[in-house]
Amino acid sequence: MRFLTLILILFTHITIAQISIKSTIDSLKFVSEIPYACEIHPEIYVKNKDTFMYNIGCGDKLFWNAVKLKEKGILSLIDQLDNLEYTLASFPYQGGQCKVADVAYIVLQEIIHGIPTAELLNVNPNDYDCGYCYYHIALEKKSNRKKFKRSVKRWYKTNKMNLIWISENKFMTCECNGKHPAGGYYKLK
């Protein structure tokens, strides 16, 4: 009887955790800002640890909640890489509305620093004279998004065992400073 009770409790906790991850990933469609440039003022941060998430350029709370999932959210984020539903967020300085797929990839980049985007897209960034725009151009076709999703999933499965956690306040996707909401990031050994 004790064993059955233990199994039931574990199953309940696992189910609740899965629902929480799903609702966090599902909330990406409501992201209104992705991070791009933000300075966190220490005097404000001391008063309210979440304040920087509401400053212009810092990304919104829904974005950072997904980043805080860390490894628990990675496969769910990869599953969103072909989700073409529009969000409220736009790409600063690049124009255009972000799709859920774009937000999910930016979250992934904040969880795992150094994902080889150009390699996974099978493009040479030097062929483009507009910086990171190769990402947007390559993914204009829906079929390319599906290929990209498969490439990212394959890359993650191949490299998963070689990812190490780095506890530091370094942001990958923005020119932000201050305490990283996830407390760090993964990178390849």
Side-chain angles (χ1 to χ4, degrees), residues 16-42 44-45 48-83 85-94 97-117 120 132 135-136 139 145 148-149 151-153 155-157 159-160 162-189:
I16 290 170
Q18 289 172 336
I19 291 169
S20 177
I21 292 168
K22 182 178 179 353
S23 66
T24 300
I25 300 300
D26 288 347
S27 73
L28 292 179
K29 64 183 165 196
F30 301 112
V31 167
S32 60
E33 183 182 63
I34 56 173
Y36 57 96
C38 173
E39 184 173 342
I40 302 164
H41 300 282
I44 295 171
Y45 184 76
N48 180 353
K49 292 181 184 178
D50 288 336
T51 300
F52 83 93
M53 289 189 257
Y54 300 106
N55 288 341
I56 293 174
C58 299
D60 67 19
K61 189 169 185 142
L62 297 173
F63 176 89
W64 291 110
N65 284 345
V67 172
K68 288 179 192 177
L69 290 173
K70 302 179 202 174
E71 76 280 356
K72 294 179 297 217
I74 292 173
L75 288 175
S76 297
L77 287 162
I78 291 171
D79 284 342
Q80 294 297 312
L81 295 181
D82 58 353
N83 183 339
E85 185 176 356
Y86 282 100
T87 68
L88 300 173
S90 63
F91 290 104
Y93 311 117
Q94 297 176 26
Q97 286 301 114
C98 295
K99 295 174 177 76
V100 171
D102 302 320
V103 174
Y105 191 63
I106 296 167
V107 169
L108 277 169
Q109 289 178 305
E110 200 58 61
I111 294 172
I112 305 171
H113 289 199
I115 299 173
T117 305
L120 295 173
Y132 197 69
Y135 169 86
H136 303 288
L139 293 176
R145 288 207 182 253
F148 181 60
K149 178 179 174 177
S151 294
V152 172
K153 187 176 247 176
W155 180 89
Y156 175 66
K157 286 184 177 193
N159 292 291
K160 184 169 139 177
N162 295 317
L163 293 173
I164 57 171
W165 181 255
I166 307 294
S167 294
E168 71 178 17
N169 295 315
K170 183 178 176 187
F171 294 82
M172 178 67 188
T173 60
C174 61
E175 298 170 9
C176 299
N177 65 31
K179 188 172 189 294
H180 194 286
Y185 54 91
Y186 292 97
K187 76 172 202 171
L188 286 173
K189 291 181 196 179

Rounding to 0.5 Å, atoms CD1 (I21) and NZ (K72) come to a distance of 6.0 Å
Heavy-atom nearest pair, S90 first then C98, reads C-SG, 3.7 Å
Rounded to the nearest 0.5 angstrom, the CG-OG distance for D26 and S76 is 9.0 Å
**Prompt:** Would you say L62 and V103 make side-chain contact, with heavy atoms under 4.5 Å?
**Reply:** no
Closest non-hydrogen atoms of F171 and P181, given as atom of the first, atom of the second and distance, are CE2-CD, 3.8 Å
*Is there side-chain contact between L163 and L188, with at least one heavy-atom pair below 4.5 Å?*
yes
Closest non-hydrogen atoms of S23 and S20, given as atom of the first, atom of the second and distance, are OG-O, 3.0 Å
Review point. L28 versus L77: any side-chain heavy-atom pair under 4.5 Å?
Key: yes
Smallest heavy-atom separation, N83 atom then K99 atom, equals O-CB, 3.9 Å
Output for pair (Y156 OH, I78 CD1), nearest 0.5 Å, gives 7.0 Å
- Please determine, by modelled atom types, if N65 and T24 share a side-chain donor-acceptor pair under 3.5 angstrom. no
TODO: For the pair Y105 and F148, name the ring-plane relationship: parallel under 30°, tilted 30 to 60°, perpendicular over 60°.
DONE: perpendicular
Ring-plane angle category for W64 and H180, please: parallel below 30°, perpendicular beyond 60°, tilted otherwise.
perpendicular
Side chains of V107 and I25, heavy atoms from C-beta outward: is any pair under 4.5 Å? no
Quick check against the 3.5 Å criterion: does K70 have a side-chain atom that pairs as donor or acceptor with the backbone of I111?
no
(request) Mind running side-chain contact (heavy atoms from CB on, under 4.5 Å) on Q109 and T117 for me, showing each step along the way? (result) CA-CA 9 Å; Q109 289 178 305; T117 305; 3.3 Å; yes
Nearest heavy-atom approach of G183 to W165 is C-CZ2, 3.8 Å
request  = Please examine the side chains of L81 and L108, heavy atoms only from C-beta on, and report whether any two atoms are closer than 4.5 Å.
outcome  = yes
Given side chains that start at C-beta, do those of Y185 and E110 come closer than 4.5 Å, heavy atoms only?
no
- request: Measure from the side-chain N and O atoms of Q97 to the backbone N and O of A89, and report whether any donor-acceptor pair falls under 3.5 Å.
  value: yes
Any non-hydrogen side-chain atom of W155 less than 4.5 Å from a side-chain atom of I112? yes
In this structure, NZ of K187 is separated from NZ of K170 (nearest 0.5 Å) by 7.0 Å
Heavy-atom closest pair (A104 atom, Q80 atom, distance to 0.1 Å) is CB-CB, 3.8 Å
**Prompt:** How about F63 and I106: do any of their side-chain heavy atoms sit closer than 4.5 Å?
**Reply:** yes
